[in-house]
Structure formats: C-alpha cells, structure tokens
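Structure, as structure tokens:
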Amino acid sequence: MENSTSPAPKKMNLQRVEMSKQKPEVRRQNFDEVAFGYTPEEAMAEASRCLDCKKPGCVGNCPVEVNIPDFIRCIKAGDFAEGIRIIRQKNCLPAVTGRVCPQEEQCEGGCVFAKRGGQIAIGRLERFLADWEASQGINTGSIKKPRPTGRKVAVIGGGPAGLTVAGDLIQLGHQVTVYEALHKVGGVLVYGIPEFRLPKRIVRREVDYLTSLGVEMVTSYVVGKTRTVDSLLEEYDAIFVGSGAGLPWFMEIPGNNLNGVYSANEYLTRMNLMKGYTFPSVQTPIKQHHRVAVIGGGNVAMDCARTALRLGAEAHIVYRRSRQELPARLEEVENAEEEGVIFDFLTLPLACLGNENSWVTGLSCQKMELGEPDASGRRSPVAIPGSEFVMPVDAIIYAIGNSPNPLIPSTTPGLAIGRKGNIEAEEATGKTSKARVWAGGDVVTGAATVILAMGAGRKAARAIHRYLQTLEEE
Amino acid sequence: MIPVLERTMVAPNIHNLRLQAPDVARSAKPGQFVILQAEEDGERIPLTISDWDAEKGDITVVFMQVGATTGKLALLKAGDSIPTAAGPLGNPMELGNFGTVICVGGCYGIASIYPIARALKEMNNRVICVVEARSSFLFYWQEKLRKTSDEMIFITRDGSLGRRGHINNLGSIIPSIKGGVDRVIINGCNYVMMRGCEETRPLGIKTIVSLNTLMIDGTGMCGVCRVTVNGSNKFACVDGPHFDGHEVNWDELSSRRQAYLREETVTLRTSAPEKER
Ligand SMILES: Cc1cc2nc3c(=O)[nH]c(=O)nc-3n(C[C@H](O)[C@H](O)[C@H](O)COP(=O)(O)OP(=O)(O)OC[C@H]3O[C@@H](n4cnc5c(N)ncnc54)[C@H](O)[C@@H]3O)c2cc1C
Ligand SMILES: Cc1cc2nc3c(=O)[nH]c(=O)nc-3n(C[C@H](O)[C@H](O)[C@H](O)COP(=O)(O)OP(=O)(O)OC[C@H]3O[C@@H](n4cnc5c(N)ncnc54)[C@H](O)[C@@H]3O)c2cc1C
Ligand code: SF4
Ligand code: SF4
Ligand code: FES
C-alpha cells in the first residue's frame with residue numbers, strides 16, 4: 001500500500017481521465033444526459049492514480065463521509081460490486097451525488113492532488129460504480145435485514161435530506177414513512193434539476209431501492225395541511241422535517257406579473273416534473289419562446305438557460321456581476337457556454353416590459369461596472385449612468401433564490417423559526433426547539449446543495465437513532 | 001391511487017366527483033381545495049372541496065368540463081382511480097357571526113359556496129344564497145343549498161327561473177334585503193367574481209372572492225398563482241385563495257389566467273380520449 005505524505009511522491013500522475021460528453025451542437029437539440037460516464041477501462045485508469053492515502057483529505061471533505069480510498073481501491077482491482085457496497089454504506093444516492101455534487105469544493109477539493117491540479121475524479125468514479133450497479137440490474141442490498149425496533153419515524157419531504165434520513169434509519173431497524181407533497185418523490189432532484197444533468201430514471205431507481213429496504217413512501221401528502229406535525233407526533237416516535245426551499249423570489253421591479261415571467265421553480269417544474277418538454281404528448285402546456293432572459297448566475301440559472309436553449313430559444317443569462325463571481329459550478333458554466341448560452345455580465349434588470357396583451361416584450365436593463373474594492377476587498381458593481389437599454393425578449397425567468405417552504409413553520413406551534421423563515425435546528429444534530437422533531441436541508445440552511453442536505457440528514461438520523469435507543473431502554 | 005366512488009353529471013357539462021380520501025376528508029374546512037391529476041404525468045389542477053364526510057372518508061368536488069384534464073375526469077366511473085388528490089390546500093374561508101351574508105355562486109361556484117353557506121348557517125348568520133346561470137336547467141344542488149340558507153334567489157340570463165339577467169342584479173338585490181347585508185362571498189369564474197365586486201364596491205360591503213388562478217404545486221413552491229392584492233404580490237395557493245375582492249387587480253388576474261389558452265386547445269386536439277366509456 002502506498003502512502004502519501006508531503007512532499008508528495010514523484011509518481012503522482014496529474015492527468016485526469018476525461019469523461020466523454022455529447023457534442024455541444026448535438027446535445028443542445030436534445031434532453032439526453034450530457035456526459036456519458038466512464039467505461040470500466042477509463043474508471044480503472046483513473047482509479048489507479050489514487051494514492052490510497054493513510055490520512056485521506058478527500059473523506060473529511062465529503063459531508064456523508066464516503067470511504068473514498070476503499071472504493072477506489074476496489075475499482076483498481078476490478079471488484080465493482082464491493083466498491084459500490086462500500087459507497088452505499090454511507091451514501092444512499094450515489095448515482096445522484098456522483099453527478100451533481102460540487103466535487104471541486106467537496107471530496108475532490110480535499111484530495112492531496114488538489115493543490116497541484118489533477119485531483120482524483122472521485123465524483124465520476126462514484127457515478128461509474130452506481131451506473132455499473134444499475135447496468136447489472138442488481139442492488140448491493142446485501143445489507144442484512146436489521147432486527148425491527150418497533151419504533152416509527154415520519155420523514156416530511158422526499159428530497160435528498162429526507163431520503164438520507166429514511167435510508168439510514170431503515171437500516172437500523174426503525175419503521176420509516178416518507179410523506180411527500182408532490183406526486184413524485186425526490187424533491188429538487190425530480191422537479192428542479194433537468195433531465196440532461198440528472199436523468200429522472202436514476203432518481204427513480206434510488207427511490208425504488210429505498211422502497212425495497214422497506215421505506216414507505218406516501219406521495220401527494222402535504223404535511224401541515226393533510227395532517228399536522230402535532231397529529232403525526234401522536235403516531236410516530238420522531239419526526240424529521242426536510243421540506244426544502246419554497247417561495248421563489250422576484251426582484252422588486254415593475255412588470256413581474258406579466259405573462260411570460262416565470263420563477264425558475266415554475267419553469268423547471270413544468271419541464272421536469274410535468275415533462276413539459278414532451279408537450280403536446282403530455283398535457284403540461286409550455287410556450288415556444290424565442291428569446292429568453294434568465295436573471296441570476298447560479299446553478300439554477302444555468303439549468304433554466306440550458307433548458308430554454310433546448311426548446312429552441314436564444315437563451316441569455318443576465319447577471320449583475322462578472323464571470324468570476326458566478327456562483328454556479330464552473331463545469332456547468334462551461335457546458336452552458338459551449339452550448340451557446342449568451343452571458344450578459346454586469347447587467348442589472350430595471351423592469352419587465354410588456355405589450356397591450358400583457359405579454360413580455362423586453363427586459364429593461366442598466367450596465368454596471370466594478371467599483372472600488374470595499375472593506376472586504378471585493379469590488380461590487382455600480383450602475384453606469386445613462387447606460388439603460390432594452391433587451392427584447394419574450395420570456396423572463398427569475399433564478400435569484402427562494403425562501404424556505406412556509407407550510408410546516410406556519411402550522412407547527414412550538415417550532416422556532418429564524419429571521420428568514422427557516423426552521424432553527426442545531427447544526428450537529430438537526431434538533432429543533434420542538435421535542436421529538438428534527439430538521440435539515442434547505443428548510444434549515446436556505447438553498448444549498450444536495451450533499452449538504454444529505455449530510456444534515458445523516459447527522460439528524462444519528463441523533464434520532466440515539467433518541468430512539470433511549471426509548472428502548474425504558 | 002385515489003379510488004373514485006362516484007362520478008355523475010349534475011348539469012350539462014358539470015360533474016360531481018366523489019373520491020375516497022380519508023386524510024383529506026378529516027382535515028377539510030370550507031373554502032379549501034385539492035390538486036388533482038387525471039393521469040400520471042398529466043396536468044395538476046385545483047378543484048374546490050365542495051362537500052366531504054370525515055367519518056366515511058370521502059370528498060366531493062364539482063367541476064366544469066372545460067379542457068383536457070377536466071375532460072378526462074368527466075369519463076371516470078365508480079371503481080376507477082386517479083393518481084393524485086392532494087389537500088386540503090389553501091386557507092379555509094374566514095368564518096364568524098357576521099349577521100347577514102349573501103353567498104353567491106355561479107357555475108362550479110354553486111357547489112363550492114355550499115360548505116361555506118352551511119358553516120355560516122351553523123354559526124347563526126342569516127344566509128342568503130344567490131345562484132346564477134344561463135338558464136334554469138344549469139342549476140344543481142338546489143336542495144342542499146336550500147337547507148343551508150334562509151332565502152334563495154335565482155338569476156338566469158334567459159329569465160327561465162328567478163330574476164332575468166346577470167350577476168349585476170346583485171346591485172339591486174342587496175338594497176332590497178331588509179336589515180341590510182354585512183358581507184358578500186362570491187364563488188365562480190373570475191368574470192362573475194369581478195362583476196359582483198363592481199356591484200358591491202359602491203355599496204361599501206365587504207366582498208370575499210375565491211380566486212381562480214393557474215396552479216401547479218399548490219404549496220407555495222412555483223409562484224405561478226401570484227396575484228396582486230392591494231398592491232402587493234400574493235400567492236393564491238398559500239396566501240389565499242380567498243381575498244377581499246375590492247383589492248384584487250382583476251385585469252392582471254384575467255390576463256394571467258388566459259396565458260395558456262392556445263396551448264390548451266392543442267392538448268384538446270391531440271389528447272382526445274381514445275375511447276368513450
Ligand atoms: C434547478 C436546481 C439545480 C440545482 N443544482 C444543484 C447541483 O447541481 N448540485 C447540488 O448539489 N445542488 C443543486 N441544487 C440544490 C439542491 O437541489 C438542494 O439544495 C437540495 O435538493 C435540498 O434538499 P432538501 O432535501 O433539503 O430539499 P428539496 O430537494 O427541496 O426537497 C424537499 C421536498 O419536501 C417536499 N415538501 C415540502 N413541503 C412539504 C410538506 N409540507 N409536506 C410534505 N412534503 C413537503 C417538497 O415537495 C420536496 O419534494 C439545485 C437546485 C435547483 C432548484
Ligand atoms: C383554488 C381553485 C379552486 C377551483 N375550484 C374549481 C372547482 O371547484 N370546480 C371547477 O370546475 N373549477 C375549479 N377551478 C378551476 C379549475 O382548476 C380549472 O377549470 C381547471 O384547471 C381546468 O383544467 P383543464 O385541464 O380541464 O382545462 P385546461 O385545458 O387546462 O384549460 C381550461 C382553462 O383552465 C385554465 N388552466 C390551464 N392550466 C391551468 C392550471 N395549471 N391550473 C388552473 N387552471 C388552468 C386555462 O386558463 C383555461 O381557461 C378552481 C381553481 C382554483 C385556483
Ligand atoms: S457524495 Fe459527493 S462529496 Fe461525497 S464522495 Fe461522493 S461526490 Fe464526493
Ligand atoms: S482521492 Fe486523493 S486524497 Fe483521497 S485517497 Fe485518493 S489520492 Fe488520497
Ligand atoms: S401553485 Fe405554485 S406557488 Fe401557488
């Protein structure tokens with residue numbers, strides 16, 4: 001076994017094995033997944049670069065602590081079944097995280113290679129194993145059926161946070177029911193992130209796996225409305241709330257309620273959850289837009305612009321700062337650029353303009369420039385006087401963020417709510433101010449990432465398990 | 001899957017659909033709605049819970065067949081099932097002892113006003129129901145409404161029953177009511193609600209309407225249901241659907257409601273039910 005200590009050994013191979021993708025001019029015409037994934041040979045080649053560090057920095061940077069060196073060693077040895085089994089011990093959604101984790105900040109950011117570039121492509125390897133498992137038509141459900149504890153837990157919200165809690169607790173022998181408001185489980189994974197980045201059959205498969213472990217999924221069940229948290233507490237020993245981000249924000253400018261102005265959630269939900277991109281073979285009505293302005297610069301904005309592009313529109317990203325400040329993952333920015341999304345940097349929207357039928361005709365904007373560095377050294381944008389102009393568009397999509405979903409906070413007495421409408425929960429355990437109620441994910445932190453939501457789920461599951469054990473001792 | 005217990009046509013184009021949904025029935029309050037799907041991957045549409053039985057665990061919605069989804073619902077029969085009936089969503093209607101309340105219903109609103117009238121009656125209000133339709137054969141649920149009201153007034157456009165005319169009759173009905181009117185509640189299409197509000201505004205009577213916006217999730221996630229009320233942005237599914245009708249920006253509402261008209265006719269043409277049942 002090799003060790004890695006600084007200074008790094010000379011045999012460090014800094015050349016990442018590239019993952020092949022659909023060509024930009026092809027993929028901008030379809031909704032198929034952009035990246036193809038590694039072949040077994042490619043995966044083994046990439047895995048063989050890993051130094052199998054004694055104190056691996058990668059693991060500590062993964063919010064769910066996947067045992068990275070061990071699964072990579074299995075790939076090297078060609079034992080894929082064992083590799084995926086190792087991942088699944090810690091991560092119940094590997095096909096998802098392997099695709100959408102911001103790996104550059106998480107696992108790969110902690111890899112010994114990171115400082116010199118060429119860090120091990122941990123996400124791609126994780127994805128490879130998950131896809132390999134799917135291609136074999138098996139699930140590494142070799143997990144022994146645990147002894148039932150007789151304890152019951154309700155999980156509210158079927159997003160990554162809730163699914164992680166469900167996966168962890170079912171494997172500890174507790175009975176778990178997931179209550180999901182929409183008609184499909186998966187949260188943002190099914191209604192937000194587009195098919196071309198995360199095929200829905202993959203989410204489906206992971207959810208089916210949890211069902212096969214015994215998790216009960218109840219869809220179209222709006223907790224707070226169909227039944228309150230207090231009422232569920234009469235039946236369940238513990239509750240986890242993972243209800244995600246809700247209410248979309250709009251800028252405080254005129255014209256937001258013109259036809260053709262969407263929130264990212266509406267636009268993406270129509271396209272993903274409701275499969276609008278296959279209209280009219282499904283009935284979700286969608287508009288054929290010609291020129292679309294997406295306001296924002298994060299992952300959500302990229303997804304909207306790339307979706308609009310695939311539906312035949314000229315897609316613009318309107319962002320008030322410059323390229324360096326874009327909060328989206330670099331990989332997604334590059335994908336968007338390759339596909340032909342047009343970036344209008346240093347541009348501030350002033351008003352949505354419409355015609356006499358109340359349909360959007362343009363976005364009135366002002367150019368910005370980067371001002372003097374402020375106290376923090378950051379140069380914030382300032383408006384250039386007289387630089388107003390109109391961008392002719394027939395649709396405007398707001399991708400500037402959300403407030404946490406208000407349904408649970410507003411119907412649950414005794415649950416402490418933060419200033420931004422978020423549920424307050426202890427970071428280490430997810431414990432809320434209300435007895436027997438834990439919370440995690442976007443509803444606590446505001447919009448964040450899949451893996452952070454899963455990490456929060458993992459911590460809460462641990463705390464819930466500890467609590468349930470004290471009950472058993474009684 | 002939600003079992004269909006009964007589906008009958010109560011008036012031309014207007015259907016009664018009774019579903020087995022025990023948890024929804026247990027929590028339902030007057031003025032709340034469910035989001036239904038007629039089939040997997042189909043549109044999600046909001047329909048008001050017009051009656052329910054908490055003990056038997058069933059809910060009744062009454063819908064007007066207008067487009068693709070309601071067209072599919074209109075073909076259901078007992079023993080079928082639909083994938084989704086999520087609810088009860090939205091805020092319940094504000095109830096109380098107001099005095100004399102006029103409950104106005106047109107088309108599907110004749111049914112959706114019923115649980116509101118019933119609750120107001122139980123709270124010792126004097127309840128006057130005003131129902132409106134093109135012609136007398138379009139009325140339904142008359143017996144149910146009669147039981148929950150002190151008086152019933154009919155308006156038909158052809159004069160075949162009650163007063164002849166339209167909702168603007170409200171302007172002459174209200175002053176004719178002895179003892180005065182303390183509140184008006186209107187349910188039905190946006191046009192009827194808007195015109196009704198025009199009649200009550202000069203009389204200075206508080207008028208509550210149940211807005212009929214586009215909706216997708218019904219949980220405050222998508223924002224498609226936004227309306228301008230008293231100058232500020234509201235989401236009909238979580239802040240409403242009931243608002244003071246004198247504060248609603250009706251022009252904006254009706255133009256947003258029409259947004260998909262063209263696409264809806266496409267689905268009508270391309271999704272004709274394969275076979276009549
Ligand atoms: C378009 C888009 C792209 C993104 N891209 C990325 C990416 O590439 N990488 C990344 O890491 N992150 C990405 N994110 C962020 C990431 O998806 C979220 O941070 C993550 O999904 C949060 O998980 P969660 O479980 O807290 O909530 P959610 O995924 O929001 O799930 C919450 C679930 O709870 C349900 N719910 C809400 N209220 C109730 C109720 N009252 N009763 C029952 N159920 C309820 C909701 O319907 C939903 O299904 C993206 C987000 C969006 C919108
Ligand atoms: C809170 C609320 C309660 C309602 N209660 C009732 C009721 O009890 N009975 C009843 O008959 N109707 C009710 N409606 C109206 C009902 O939702 C629409 O008639 C229904 O969506 C039409 O669906 P469709 O597919 O058959 O028609 P479509 O083909 O969709 O189109 C017909 C009409 O429906 C509108 N529409 C299109 N998409 C949507 C959407 N996503 N959501 C809503 N409307 C849309 C169109 O603007 C068009 O005018 C209610 C609406 C709301 C908001
Ligand atoms: S779950 Fe995400 S952060 Fe953890 S190893 Fe996998 S890709 Fe990296
Ligand atoms: S992935 Fe990087 S940090 Fe982790 S064990 Fe391999 S070389 Fe070391
Ligand atoms: S229907 Fe989506 S926010 Fe109201």
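Order of the sequence lines fixes the chain letters, A, B, ..., with proteins taken first and strands second; residue numbering starts at 1 for each chain.
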Rounded distance [0.5 Å steps], OG1 in T219(B) versus CG in L182(A): 6.0 Å
Contact part of Y398(A) toward chain B, heavy-atom cut-off under 4.5 Å: side chain, backbone, both or neither? neither
Nearest-0.5 Å distance that lies between atom CD in E356(A) and atom OG in S255(B): 12.0 Å
Straight-line distance of K225(A) NZ to K29(B) NZ, nearest 0.5 Å: 9.0 Å
Turns out that what part of V34(B) lies under 4.5 Å from chain A's heavy atoms comes down to neither
Check each atom of Y267(A) against the heavy atoms of chain B and say whether the ones under 4.5 Å are side chain, backbone, both or neither. neither
Residues 81-91 of chain B vs chain A, non-hydrogen distance cutoff under 4.5 Å, contacting residues -> T84(B), A85(B), A86(B), G87(B), P88(B), L89(B), G90(B), N91(B)
With distance as the sole criterion, is a donor-acceptor pair present between the side chains of D217(B) and T269(A) under 3.5 Å? no
Between the CE atom in M215(B) and the CD atom in E266(A), the distance rounded to the nearest 0.5 Å is 12.5 Å
Nearest-0.5 Å distance, OH of residue Y179(A) to CG of residue D23(B): 7.5 Å
Are there more than 12 heavy atoms of other residues, nucleotides or ligands under 6.0 Å from atom CZ of R204(A)? no
Y262(A) versus R226(B), closest heavy-atom pair with distance: N-NH2, 4.5 Å
With chain B, the option among A245(A), P248(A), S403(A), S358(A) that has the most non-hydrogen atom pairs under 4.5 Å is P248(A)
side-chain contact (heavy atoms from CB on, under 4.5 Å) for I35(B) and H183(A)? Distances and angles first, verdict last. CA-CA 10 Å; I35(B) 294 242; H183(A) 58 279; over 6 Å; no
Has the side chain of T226(A) got a donor or acceptor atom that lies under 3.5 Å from a matching backbone atom of V24(B)? no
Using heavy-atom distances under 4.5 Å, tell me whether N233(B) contacts chain A through its side chain, its backbone, both, or neither. side chain
Heavy-atom distances under 4.5 Å only: say whether L247(A) touches chain B with side chain, backbone, both or neither. both
Does a side chain donor of either R256(B) or N257(A) reach within less than 3.5 Å of an acceptor in the other side chain? no
